[in-house]
Asks: 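This is the structure I want to talk about, given as C-alpha cells.
Nothing here was measured: the structure is a model prediction, and the numbers come from that model. Values below: all heavy atoms of this structure, side chains included; hydrogens, waters and symmetry mates excluded. Sequence lines set the chain letters: A, B, ... in the order given, protein chains first and strands last, and positions in each chain run from 1.
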2 protein chains.
Amino acid sequence: MAKAVKETESNHTGPCDKFIRTGDSDCQHCSLRQFALFAELGDAEMRHLTADICSGVLRRDSLIYSAGDPGAGVFTIRVGLVKLVMETPDRRGRIVRLLGRGATLGLEVLTGRPYDHTALTLRTTSLCRIPIPTVDVLHSHNPRLVLGLMSKWHEQVRWADRWLTDLGSGAVPQRLANLVRLLVEISGDSPEAVHLPPAADIASILGVSQESVSRHLAELKRAGLLRRVGPRIYRCAPELTDATADGELPRVAPIRSC
Amino acid sequence: MAKAVKETESNHTGPCDKFIRTGDSDCQHCSLRQFALFAELGDAEMRHLTADICSGVLRRDSLIYSAGDPGAGVFTIRVGLVKLVMETPDRRGRIVRLLGRGATLGLEVLTGRPYDHTALTLRTTSLCRIPIPTVDVLHSHNPRLVLGLMSKWHEQVRWADRWLTDLGSGAVPQRLANLVRLLVEISGDSPEAVHLPPAADIASILGVSQESVSRHLAELKRAGLLRRVGPRIYRCAPELTDATADGELPRVAPIRSC
DNA sequence: CGGATAGTTGACAGGAGTCAAGGTATGTGG
DNA sequence: CCACATACCTTGACTCCTGTCAACTATCCG
C-alpha cells in the first residue's frame, strides 16, 4: 500500500496537482505489472522496493509535468491517455506522441536531465509515479530490470518512427485514418467507440490546420466511415481501421456540396 | 586491437559487406570513447572487454543492415553519415533519422528483437560493430554502463522528436533550412561546406516531392543563402544556420524568372 | 437560459503534387 | 584525357489541395 501523490488542489503549475482521488499502488497485484518496468521482478523484491510509488487520478486537461522541469520521477499510465507536447519557436507547440495504458512517461529524467516535453492528460487518467532513486535502487537489485527499461525506450522510439511515417506525410484523409487506427491501438478504445481528441489537438498531431481536420472529418462522416455515437465518441467502419494500413483509403465519391 | 568486420566483397545482401579497408578498433584510445557506449568504463575493463569489437569502412550507399534482420550487434559511427529508412506500405520507404559521428545504430537489438530499420551510408563511413553478447557482458561488469545506454536511447528519441517538429510541418523552404542546420549538427560538416544528400533523399526526409525540393533549393541559391562550392557541397550563409531556428527565414524577393 | 468555447463552412489565393521534357553532372571505359 | 551513357537534377504547365480569414452554428457548462 502506498502514499497518494499529493492530493492538494493547490496551484496550477506543479506536477501532479488536480489529483481527484487517491489510488492504491499495490504494485504486487497491479494488472499492469507485466507491462510496466517491474515485469522482471520477483514478489519479495516488489514488496520492499515499491513503497515510494505513488498513484492518483487526474482529470482531463491536467498537467503532469512541464518541459524543463527538474525530473522528479517517471510515470506509468494505469488507464487513460496522455499527450506529449514539444515546445516550438512559434509558441504553438506540437504534439509528438500519445501514450496510453501501460506506457511510461518521462524516462529521460533517468539520464539526469529535465523533462523534454510537457505532458497533459487528454482524458481522465490514472498514473503511478516512480521516483528516480527508486528506479536506481530497483535495477541495482535486479540487473534484469535493464531489459525492461530498454524495452520502454524502444517503445518510445518505435512510436516516434511510426508517428512520422503514418502521420507525417501523405493525403490528409489518409493520415486522419491512420491516426484513428493509432488511437485505437494506443488508447485501447474499441473501434466501436473511439474517443477523438479536440480538432485543435488533431491538427497539432498531423501538422495541418484545424479547418482542414474539420473538413476531412466531415467527409469521412459523410462517407459513412465515421459515425458519431456520443460527445467526441465515434464508431469507425472496419474499412477505416483495416485497409487503410497499406495505402488506399476506400474510394468514396467526394460529395462536394450536399 | 581487433578483428576487421568481414572484408569480403561477397554478396550485396549481408550486413557489413563492401568494407573497403580494415580499421583498428583500439577502443582504449579511440577518440570517440567519451561519446560512445564505454564512456563509463575504466582502462582495465576496456582492454579485456572490447576484443570482439570490429571496425571497418564502408563507401557511399552501402547497406549496414536491413529491417527485419536478426540483430547481430550495435554499431557506433566513427566518422560518416548514415540514414535509417523505415519501410512504408507504398514501398518507397521514408528516412526517419540521420546519424553521424559518435551516434549508435541498432540499439533495438539489445531487446532481443530484429533491426527496425534499413541502415545505409550516405557517404564513406567508418563504423565499429559491437556484438550483443559483448554489450551484455560489459554492463554486467559495470552497471554504470546502463547510464550510457540510456543516454544513447535518449539521444535517439530527442532526434526523432526534433525531426518531427523541425522537418515535419511548415513551409518547405523553412524545413529545408532546418534540415541544413540539422545536417551541420549531425554530420559535423562546417557550414562553409555542407554535404547535401541527393534530392530524392531530401524529399524522403521532408515528406515532399523531389521537384519541390529542387525548386526551393534553387530559390535558396538564387537568394544567395546557399552557394555551390563542389559536387553536392554547399556553403551556407549564416542567416540560414542561425536565424532560421525561430521562425522566419530571411525575406528575399522571390525572383521568379531570372 | 445564456455565455463561452469548440467546431463548421465558404471564398479565395498561394503552394505543392504530378506528368513530361530537357539539361547537367558523374564516373566509367576507351 | 576525353567521350559517352546513365543517373540525377531542373523546369514548365496544369490541377488540386491546403491555409487563411471570416462568419456562422453547435455544444458544453454553469
Side-chain angles (χ1 to χ4, degrees), chain A residues 59-61 90 92 94 122-124 167-177 195-223 226-234 247-249 251-258, chain B residues 20 59-61 90 92 94 122-124 167-177 179 195-223 226-234 247-249 251-258:
Chain A
R59 63 163 98 75
R60 193 177 119 91
D61 254 323
D90 64 0
R92 279 183 297 188
R94 178 93 194 257
L122 273 172
R123 55 174 82 166
T124 303
L167 310 179
S169 63
V172 176
Q174 190 62 55
R175 297 199 255 166
L176 263 177
H195 193 120
L196 293 187
D201 279 350
I202 297 181
S204 171
I205 289 168
L206 299 182
V208 300
S209 71
Q210 180 181 332
E211 292 91 333
S212 199
V213 169
S214 176
R215 269 186 252 274
H216 289 290
L217 272 182
E219 190 121 338
L220 289 180
K221 283 181 228 166
R222 276 193 295 262
L226 223 47
R227 188 178 306 279
R228 194 191 133 109
V229 297
R232 279 165 246 191
I233 316 242
Y234 291 83
E248 214 51 27
L249 201 58
R251 256 293 142 249
V252 177
I255 307 157
R256 287 291 173 201
S257 42
C258 153
Chain B
I20 56 181
R59 63 164 100 77
R60 194 177 119 92
D61 254 322
D90 64 2
R92 279 183 296 188
R94 178 94 195 257
L122 274 172
R123 55 173 83 166
T124 303
L167 309 179
S169 63
V172 177
Q174 190 63 54
R175 295 200 256 166
L176 263 177
L179 174 58
H195 193 121
L196 293 187
D201 279 350
I202 296 181
S204 171
I205 289 169
L206 299 182
V208 300
S209 71
Q210 179 182 328
E211 292 91 335
S212 198
V213 170
S214 175
R215 271 186 251 273
H216 288 290
L217 272 182
E219 190 119 342
L220 289 180
K221 283 182 230 167
R222 276 192 295 260
L226 222 49
R227 187 179 306 280
R228 193 191 134 109
V229 297
R232 279 165 246 191
I233 317 243
Y234 291 83
E248 214 52 27
L249 201 57
R251 257 295 142 249
V252 177
I255 307 157
R256 287 293 173 200
S257 42
C258 155

Asks: To the nearest 0.5 Å, what is the distance between CZ (Arg228(B)) and CG (Leu217(B))?
Replies: 12.5 Å
Asks: Going by atom type alone, with no hydrogens or angles, which donor-acceptor pairs under 3.5 Å involve a side-chain atom of residues 196-209 of chain B and a protein atom two or more places apart or on another chain?
Replies:
from: Asp201(B); atom 1: OD1; to: Lys83(B); atom 2: NZ; distance (Å): 3.1
from: Asp201(B); atom 1: OD2; to: Lys83(B); atom 2: NZ; distance (Å): 3.1
from: Ser204(B); atom 1: OG; to: Ile95(B); atom 2: N; distance (Å): 3.0
from: Ser209(B); atom 1: OG; to: Ser212(B); atom 2: N; distance (Å): 3.1

Asks: Using atom CZ of Arg232(B) as one end and atom P of dT10(D) as the other, report the distance to the nearest whole Å.
Replies: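 That distance rounds to 11 Å.
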Asks: Write down the distance between CZ (Arg228(B)) and C1' (dC8(D)), rounded to a whole number of angstrom.
Replies: 12 Å
Asks: For Arg123(B) and dT26(C), what is the distance between atoms CZ and C1' respectively, to the nearest whole Å?
Replies: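 One finds 18 Å between C1' of dT26(C) and CZ of Arg123(B), rounded.
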Asks: Roughly how bent is the helix from dC1(C)-dG30(D) to dG30(C)-dC1(D) end to end, in steps of 10 degrees, with each end axis from five pairs?
Replies: 50°
Asks: Please give, in whole Å, the distance from dC28(D) P to Ile233(A) CD1?
Replies: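 The distance from CD1 of Ile233(A) to P of dC28(D) comes to 11 Å, rounded to the nearest Å.
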Asks: Using the test side-chain hydrogen bond (donor to acceptor under 3.5 Å, both in side chains), find all partners of Arg92(B) that sit at least two apart in sequence or belong to another chain.
Replies: Asp90(B)
Asks: Using a 4.0 Å cut-off on heavy atoms, which residues in residues 196-206 of chain B reach DNA chain C? List them by number, or say none.
Replies: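 Nothing qualifies; none.
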Asks: For every nucleotide of nucleotides 18-26 of chain D, 5' to 3': is a protein heavy atom under 4.0 Å from its base (B), only from its sugar-phosphate (S), or from neither (-)?
Replies: SSBB-----
Asks: Could I get the full list of salt bridge (charged side-chain N to carboxylate O under 4.0 Å, His left out) partners for Arg215(A), not counting sequence neighbours?
Replies: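 Per chain and number, Arg215(A) pairs via salt bridge (charged side-chain N to carboxylate O under 4.0 Å, His left out) with no residue.
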Asks: Provide, to the nearest angstrom, the distance between the CG atom belonging to Leu226(B) and the P atom belonging to dC9(D).
Replies: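 The distance from CG of Leu226(B) to P of dC9(D) comes to 14 Å, rounded to the nearest Å.
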Asks: Of the nucleotides dT26(C), dT9(C), dT11(D), which has the atom closest to the Ala218(B) side chain?
Replies: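 Looking only at heavy atoms from C-beta outward on Ala218(B), the closest nucleotide is dT11(D).
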Asks: Could you tell me if the side chain of Ser169(B) sits less than 4.5 Å from the side chain of Arg94(A), heavy atoms only?
Replies: yes
Asks: Among all residues two or more places apart in sequence or in another chain, which pass the salt bridge (charged side-chain N to carboxylate O under 4.0 Å, His left out) test with Arg227(B)?
Replies: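 Partners of Arg227(B) under the salt bridge (charged side-chain N to carboxylate O under 4.0 Å, His left out) test: none.
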Asks: Would you mind listing every salt bridge (charged side-chain N to carboxylate O under 4.0 Å, His left out) that reaches into residues 204-213 of chain B, with sequence neighbours excluded?
Replies: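 Qualifying pairs, neighbours excluded: none.
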Asks: Tell me the interatomic distance from Arg60(A), atom CZ, to dC28(D), atom C1', rounded to whole angstroms.
Replies: 11 Å
Asks: Could you check how far CG of Asp61(B) sits from C1' of dT6(D), rounded to whole Å?
Replies: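 Atom-to-atom, Asp61(B) to dT6(D), this comes out as 15 Å.
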Asks: Check salt bridge (charged side-chain N to carboxylate O under 4.0 Å, His left out) between Arg123(B) and all other residues, then give those that pass, not counting sequence neighbours.
Replies: Asp189(B)
Asks: When the distance from CD of Glu219(A) to P of dT8(C) is rounded to whole Å, what number comes out?
Replies: 13 Å
Asks: Starting at CG of Leu226(B), measure out to NZ of Lys221(B) and round the result to the nearest 0.5 Å.
Replies: 7.5 Å
Asks: If we only count heavy atoms from C-beta on, is the Tyr234(A) to His195(A) side-chain gap below 4.5 Å?
Replies: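 Heavy-atom side-chain distance check fails, nothing below 4.5 Å.
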Asks: What is the distance from atom NE2 of His216(B) to atom CG of Leu176(B), rounded to the nearest 0.5 Å?
Replies: 7.5 Å
